[in-house]
There are 2 protein chains.
Amino acid sequence: MKQNNMNWTIYDIAREARVSAKTVSRVLNDKPGVKETTRAKILDIMRKVQYHPHMGARALRGKRQGCIGITVPAPLNVAPLSQSFFIWLFGELFRLFSPRGEYLCFDMNPFAAQPKPDYARGLWQQLYKACIVVGPLALEDKTIFRIHESGVPYVVFGRLDGFPECSYATVDYEEGCYESTKFLIKRGHKRIAMLKAFSGYEPGLERRRGYLRALEEAGLTPDENLIRSVTFGSRNIANVVHRLLAQSDVTALLDCSGVEDGASIREGARRAGKVPGKDFEVLSWTYADNGAVLAEACAHMWLPVREAASEGLELLGEWIDEKRAGPIHVLYRPVLNEKVTGGEIPKPKRLFDVLD
Amino acid sequence: MKQNNMNWTIYDIAREARVSAKTVSRVLNDKPGVKETTRAKILDIMRKVQYHPHMGARALRGKRQGCIGITVPAPLNVAPLSQSFFIWLFGELFRLFSPRGEYLCFDMNPFAAQPKPDYARGLWQQLYKACIVVGPLALEDKTIFRIHESGVPYVVFGRLDGFPECSYATVDYEEGCYESTKFLIKRGHKRIAMLKAFSGYEPGLERRRGYLRALEEAGLTPDENLIRSVTFGSRNIANVVHRLLAQSDVTALLDCSGVEDGASIREGARRAGKVPGKDFEVLSWTYADNGAVLAEACAHMWLPVREAASEGLELLGEWIDEKRAGPIHVLYRPVLNEKVTGGEIPKPKRLFDVLD
DNA sequence: CTGTTAGCGCTTTCAC
DNA sequence: GTGAAAGCGCTAACAG
């Protein structure tokens with residue numbers, strides 16, 4: 001008999017059980033057409049020798065083998081996913097995929113020491129049987145098309161213009177910006193400055209569009225100088241706010257950067273000699289329900305990104321199981337909260353970290 | 001010509017380049033024996049069609065393919081790895097393995113919905129080319145032997161009695177307990193109670209042994225009643241401390257539970273009508289350099305677990321690259337800190353969470 | 001109910 | 001320098 005510590009193959013099992021390899025394969029895959037006694041005998045041997053099928057061989061022959069790949073399409077300095085979001089995501093993945101006995105595979109490569117990052121390597125190498133794309137897509141992203149065409153179940157926590165078929169679970173940033181701007185217009189503001197992040201990425205574009213659409217509807221002329229891209233550094237935000245308030249007749253600040261950094265906005269205002277909530281109004285975006293970025297803000301827009309992602313993952317599981325077909329289309333609407341409830345400002349569980 | 005969005009094989013590449021598959025394979029693996037012009041032509045085609053080798057096929061034929069597996073040998077209620085440790089570990093893995101373009105594969109399965117947990121599934125299925133075992137090994141653990149025998153590079157953040165060949169990167173808990181106990185004996189204590197966690201696991205055993213050795217050397221008779229197992233729940237710790245202090249003549253408490261929960265110790269003492277640092281002395285273990293679990297403690301023992309793990313990962317990388325051979329033996333000595341420096345007590349970055 | 005055969009994409013002899 | 005052929009462990013198609 002073969003040594004126990006060797007790797008057994010279905011042929012070894014077959015020889016041992018005096019059946020053919022195909023029968024062993026049938027047992028392995030829970031397929032019908034095997035006598036119960038034969039099945040029991042084979043299962044017994046498998047247990048005894050601690051047999052495990054070779055994943056590579058399976059992937060080679062059949063399809064739909066492998067791990068669930070988790071990948072990030074943007075470098076971490078563009079979308080500095082926070083620890084708390086990361087932990088949240090891991091928890092969700094665990095909750096959903098642990099009972100199914102899946103492997104989660106993180107690609108460590110994309111943005112390190114690579115000239116041309118390919119964030120879906122694992123898919124081309126047929127290591128993944130499904131793929132979760134975490135974060136904003138670059139405007140010129142082509143990879144997502146290839147992922148889509150590969151036919152593998154996948155979901156993106158973001159969208160791409162001109163690719164509505166894409167499988168996504170995200171929040172409607174355009175809608176968010178449109179509603180935010182409209183809200184400020186309704187309060188009488190005509191010079192509304194916008195802080196937006198993710199320049200060069202789809203979410204940045206969506207925000208811009210929503211903002212412009214609201215202005216146009218109200219018959220206001222947009223001023224490019226009022227649209228400012230910020231990065232995830234608090235000094236940067238303070239600087240941008242400072243310049244914005246110092247040199248113009250801005251009466252409202254729409255902070256849809258998603259940085260959730262109220263202190264920096266306040267600091268920028270202070271340098272410009274203005275006080276938020278008094279000299280100008282602020283509407284800030286937050287990723288936490290009922291979270292307030294700035295107590296002085298006249299309203300907060302809640303972007304239920306986590307909630308959308310959670311539903312997307314759920315649906316991905318069903319797609320993998322072929323209980324439903326792809327692609328996934330989960331698009332949550334942002335929610336405007338005019339007042340902060342309670343005395344204490346709930347500290348938002350950030351989606352992104354501020355880099356300093 | 002083959003469609004671009006199909007999966008190309010080396011044969012397709014070979015046909016295109018008018019060479020044999022073997023030549024393509026040689027180029028793919030950076031092997032010598034190919035004319036420079038041929039090599040360039042092949043690389044060019046590969047780039048053009050976005051060729052990626054099939055991981056399964058490679059794993060099937062050659063050896064040493066696949067991801068780096070991360071696995072946890074103990075259920076999370078035994079070793080509730082904290083978020084901060086988890087983030088730390090992920091950061092380390094990223095730092096080390098990202099530049100190498102590795103995949104990190106987390107087995108989500110072991111302790112969910114499985115009758116007999118097999119925390120190294122991925123290894124038997126030949127999905128992993130290396131394996132990191134995070135956490136304490138159960139005393140009856142057999143899996144670790146199989147991992148060792150498989151010849152795959154691996155490292156355990158823990159050890160196992162009677163298996164010194166095991167590849168590990170950890171801290172000497174026995175030494176830590178021995179030195180801790182000796183320290184308390186030197187201060188005149190004769191009735192030293194010990195709080196220890198991980199009962200049924202190797203680290204628990206090591207602690208017990210170190211404690212008993214120190215008592216024996218000092219000619220003190222051990223009292224089984226003074227050795228108490230605690231779990232990672234704060235109520236549990238308070239209860240155990242309460243009972244320990246209420247019913248005996250204990251003058252010193254050696255808290256090598258690793259729970260880093262000073263508040264619960266204080267609470268237990270309060271219930272017994274005693275004050276730590278006054279009615280009895282405490283020596284507490286911590287996983288943070290210069291971290292203090294309890295301000296009233298007469299000393300802290302720092303267990304440099306993270307530091308050992310970090311070095312272990314580094315060496316694992318070299319083992320994978322065959323720049324060194326296995327197994328890895330990294331054993332850090334704990335460090336006794338008599339005084340807490342600075343006025344503020346640094347909050348330890350916990351290794352384990354307290355479950356409540 | 002069970003077995004035979006071929007082939008997935010790659011690497012490894014060994015030959016030229 | 002290069003290629004032909006075999007085979008890694010598994011499964012799908014087709015026989016019986």
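A, B, ... follow the sequence lines: proteins, then strands. Residue 1 opens every chain. Hydrogens, waters and symmetry mates play no part in the numbers below; they use all other heavy atoms, side chains included.
By the side chain to side chain contact (heavy atoms under 4.5 Å, CB included) test, Tyr11(B) pairs with Thr9(B), Ala21(B), sequence neighbours left out. For the side chain to side chain donor-acceptor pair (under 3.5 Å) test, no residue two or more places apart in sequence or in another chain qualifies with Glu314(B). In this structure Lys323(B) satisfies the side chain to side chain contact (heavy atoms under 4.5 Å, CB included) test together with Glu318(B), Asp321(B), sequence neighbours excluded. Among residues two or more places apart in sequence or in another chain, the side chain to side chain donor-acceptor pair (under 3.5 Å) test is passed with Trp124(B) by Asp118(B). Remark: Lys41(B) engages no residue in a salt bridge (charged side-chain N to carboxylate O under 4.0 Å, His left out) (not counting sequence neighbours). Listed by chain and residue number, Asp44(A) satisfy the salt bridge (charged side-chain N to carboxylate O under 4.0 Å, His left out) test with Arg47(A) (two or more places apart in sequence, or in another chain). His148(B) pairs by the side chain to side chain donor-acceptor pair (under 3.5 Å) definition with Tyr154(B), not counting sequence neighbours. Residues meeting the side chain to side chain donor-acceptor pair (under 3.5 Å) test with Glu92(B), sequence neighbours left out: Arg95(B), Ser310(B).
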* Determine, for nucleotides 11-16 of chain C in 5'-to-3' order, which nucleotides have protein heavy atoms under 4.0 Å from the base (write B), from only the sugar-phosphate (write S), or from neither (write -). => BB----

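Protein chain A contacts DNA chain D from dG9(D) to dA13(D), reading 5' to 3' and using non-hydrogen atoms of the protein with a distance under 4.0 Å.
The distance between atom CD1 of Ile42(A) and atom C1' of dT2(C), rounded to the nearest whole Å, is 10 Å. Taking atom NE2 on His54(B) and atom C1' on dG7(C), their separation rounds to 13 Å, with Å as the unit. Protein atom CG of Leu60(A) is 9 Å distant from nucleotide atom C1' of dG7(C), rounded to whole Å.
The salt bridge (charged side-chain N to carboxylate O under 4.0 Å, His left out) contacts involving residues 160-170 of chain A comprise Asp161(A)-Arg209(A), where partners must be two or more places apart or lie in separate chains.
Between its opening and closing five pairs, the helix from dC1(C)-dG16(D) to dC16(C)-dG1(D) changes axis direction by 30°, a value rounded to 10 degrees.
Contact check, Thr38(A) against dC1(C): no side-chain N or O comes under 4.0 Å of OP1 or OP2.
Checking Gln125(A) against Tyr103(B) by side-chain atom types alone, a donor-acceptor pair falls below 3.5 Å.
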